[in-house]
> 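Below is a structure I'd like to ask you about.
Given the structure is predicted, the values throughout are model-derived calculations rather than measurements. The residues of the chain are indexed from 1 along the displayed sequence.
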Amino acid sequence: MRKTLIAVAVIAAGALAYYKFGSGTAASSTLAGFEYIPADTALLSAQVKPIDLGSYLSSLGMGPQYYDENMQQLFADMEAETTEAQFKFGLALGQAYMKALADPAAFSLNTGIKAQMRSLSYLVGLSPVMRVELADEAAFWRIFDDAEKSSGFSHVAQQINSVQYRQYRFAHEELSLDLLVSVQNGWATLAVTSEKFAKQHLAIMMQAEKPEHNLANTSVIPEMQKKYQLDQGAFGYLSFAQLSKFLTSKDGNSLAKDVEAAFGAQTNVALADWRNPACDADVAAISASWPGIFIDNKFDQTNPAMLKAVGRILIPTQNQETVKSLSALRGFLPGHAVSTDHVGMFSMAIGLDVAQLAPSLGKLWSGFTEPAYSCQPLAEMQSEMKQSNPLAAVAMAGMASGLQGLSVTINDAELDMMSSNLKSADALMTISAENARTFFEGLKAFYPPLANVALPAAGEELDLASVAPEVAMLGIQPKLALSDSHLLLYVGPKATSQSAAVAKEGLSKNGLLSLSMDYGRFFKALEDSMKATGAEVPADLQQFAGSKMKMVVKMDVNQQGFILHTDMEMAQATK
């Protein structure tokens, strides 16, 4: 559980790399460099509007604790275990950037990366390319020069057309990859590629040649931004249409050509069943219906002490029947569970109209299993799906008809360090249904201990310890209250206030899922609970216990498909 939560925190922090922290007028997508990005790239992430790099790193809690004695010893141990210069070089680069992250205010000075940074990440065929704006070219190159000196690993100076670049070749058994690094016009370019790929792809990666069809002279970006209403300052996408082309062709796009060059005959054998006109047509139809994943973000820095970021991830579909079926599943999420203004230690809410579960999933299942595919692999997968129909299991949910949502919110919790028992708590659990009283009465038939519980009248509360003595043994005094649409179980002053607010909320369909967390408070409570049981507290957990980040993630369905909203607040370090 701990590793999962830490992973969520790391992913959330990584996702913030898309978020812009700076000021200025609205930016357009005409950032220099788009003319070197192939229009058929399968992946794009564009930070067009500059981000304040020092503020960004500080808001994530970067500092000396991220390069402590344990991290230094880890690098030393890894270096001692290898004799290969290429691996020592990679470790030296990693160590240099970890040292730089330990001082966010001086990160730009130590790395040469511009303090108000812009960046581009994309694919040229199969090769990932990252471009970042620089303030000091000498400082940028110094990190590579120092890594070469300490490792004994050196680059080969190369030139294509008029562009000079460094080539670092890494080889392991039969596999070899090249790290290419160049600096020109105030931008650093890093690419990972293979000598097997076409020389034209190399020229495009190094900005020595423009692809004939690129993101500057085609309508890919403006059409995408208009269709999905993406913010122009920071956006990106993963194209399913481009990804799928290597599956059905040898040369359908740059990616397919690179896959063919890298794997050749092996690819032809592995993908033989897919490379025919029938599969080409069927896969193209699927990718047209599900075009990809699209992202954007924007921020608010009106409060100089707090950075606020709002991001979206959209997975659209052109099939409106699918959208209707997904929308029918939406249920109720309490207001406090989806607002950064009311983030507790931890909150999770599920919005689900259980009455729509079977019919909606039935329509979705038919949509996946009924199309007649001519492509043999797709037909076989469809046949296997039909044999494992999940609708029979879903039918059991009919007994909870009327249910619209569940939520659990933990505002505070404290353990007795001596007994490891719960000392105090402030928490709320809600069950939302079309008729909360009728729903509760139905639960009694499935859970006998509830049989003698008489629900309080609307506006009153019931002390659960009076009807369930075992609750009193917990050392807390939870209450039960009821409104027309909500069953409310709560303990503590903040939860009492939250329950009163939920009781007044109408039963609207407003989402599928929400998750919120105050990272500092949550991991501090987790740290305290581990100490109470005598368990060793890992260093990574201690770092998160000092985090100032709050996050709310909400999954919903809009008129285009699935959408994931992320709201974050991060305390900004004072300068």
> More than 12 heavy atoms of other residues, nucleotides or ligands under 6.0 Å from NZ of Lys386: yes or no?
yes

> Are there more than 12 heavy atoms of other residues, nucleotides or ligands under 6.0 Å from atom CD of Gln229?
no

> Is there a side-chain hydrogen bond (donor to acceptor under 3.5 Å, both in side chains) between Asp40 and Gln242? Walk through the geometry before answering.
CA-CA 6 Å; Asp40 67 356; Gln242 299 298 340; over 6 Å; no

> I'd like to know if Glu260 and Arg275 make a salt bridge, using a cut-off of under 4.0 Å between side-chain N and carboxylate O.
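Yes.
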
> Taking the ring of Phe170 and the ring of Phe153, is the distance between their centroids below 6.0 Å?
yes

> For the residue pair His201 / Asp258, report whether a side-chain donor-acceptor contact shorter than 3.5 Å exists.
yes

> Mind telling me whether Phe89 and Tyr168 have parallel, tilted or perpendicular rings, with 30° and 60° as the class edges?
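The rings of Tyr168 and Phe89 lie parallel, inter-plane angle below 30°.
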
> Would you say that Thr322 contacts Trp290 through its side chain, given a criterion of any heavy-atom pair below 4.5 Å between the two side chains?
yes

> Thr317 side chain to Ser289 main-chain N or O, any donor-acceptor pair under 3.5 Å?
yes

> So which heavy atom on Ser151 is nearest to which on Ala85, and how close?
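Scanning both residues, the minimum pair turns out to be O-CB, 3.5 Å.
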
> What is the minimum heavy-atom distance between Ala39 and Thr218, and which atoms define it?
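In this case the closest contact between Ala39 and Thr218 is CB-OG1, 3.8 Å.
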
> Would a 4.5 Å heavy-atom cut-off, applied to side chains only, mark Met381 and Ser383 as touching?
no

> Out of Leu180, Leu177, Thr193, Ile204, which one pairs with Ser127 under the side-chain contact (heavy atoms from CB on, under 4.5 Å) rule?
Thr193

> Quick one: does Ser327's side chain get under 4.5 Å of Val323's, heavy atoms only?
yes

> So Thr111 and Ile143, do their side chains get closer than 4.5 Å, heavy atoms only?
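Yes, close enough: below the 4.5 Å cut-off.
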
> So how far is it from Asn558 CG to His565 NE2, rounded to the nearest 0.5 Å?
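Taking CG in Asn558 and NE2 in His565, the distance rounds to 7.0 Å.
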
> Does CE in Met98 sit with more than 12 non-hydrogen atoms of other residues, nucleotides or ligands closer than 6.0 Å?
yes

> With a 4.5 Å heavy-atom cut-off, do Ser121 and Pro128 have their side chains touching?
no

> Side-chain contact, heavy-atom cut-off 4.5 Å: Ile295 with Leu314?
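In short, these two side chains do not touch, never coming nearer than 4.5 Å.
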
> Hey, what's the ring geometry for Phe144 with Phe140, parallel, tilted or perpendicular (30° and 60° as the breaks)?
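Ring orientation of Phe144 relative to Phe140: tilted.
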
> Is there a side-chain hydrogen bond (donor to acceptor under 3.5 Å, both in side chains) between Asn214 and Glu35 once you walk through the steps?
CA-CA 5 Å; Asn214 57 66; Glu35 66 269 27; over 6 Å; no

> Using a strict 4.0 Å threshold on nitrogen-to-oxygen distance, state whether Arg169 and Asp178 make a salt bridge.
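Yes, Arg169 and Asp178 are salt-bridged.
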
> Does the distance from a Lys or Arg side-chain N to an Asp or Glu carboxylate O, for Asp296 and Arg312, drop under 4.0 Å?
yes

> Heavy-atom count check: over 12 atoms from other residues, nucleotides or ligands less than 6.0 Å from Met130 CE?
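Result for CE/Met130: open.
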
> On a heavy-atom basis, which atom in Cys279 and which in Pro377 lie closest, and how many Å separate them?
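Nearest heavy atoms, Cys279 then Pro377: SG-CD, 3.9 Å.
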
> Between Phe75 and Glu79, is there a side-chain heavy-atom distance shorter than 4.5 Å?
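When only atoms from C-beta onward are counted, Phe75 and Glu79 do not touch, as no gap falls below 4.5 Å.
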
> Calculate, to the nearest 0.5 Å, the distance between atoms OH and CG belonging to Tyr122 and Leu43 respectively.
11.5 Å

> Write down the atom of Leu109, the atom of Ala139, and the distance for their closest heavy-atom approach.
O-CB, 3.9 Å

> Do Phe562 and Ile293 have side-chain heavy atoms sitting under 4.5 Å apart?
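No. Closest side-chain heavy atoms not under 4.5 Å.
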
> Do NZ/NE/NH1/NH2 and the carboxylate oxygens of Asp145 and Arg166 come within less than 4.0 Å?
yes

> Answer yes or no: are there more than 12 heavy-atom neighbours, outside Lys88 itself, under 6.0 Å from its atom NZ?
yes

> Return the CD to CD distance between Gln318 and Gln320, rounded to the nearest 0.5 Å.
8.0 Å

> State, without any angle test, whether Thr189 and Gln207 hold a side-chain donor-acceptor pair at a distance under 3.5 Å.
yes

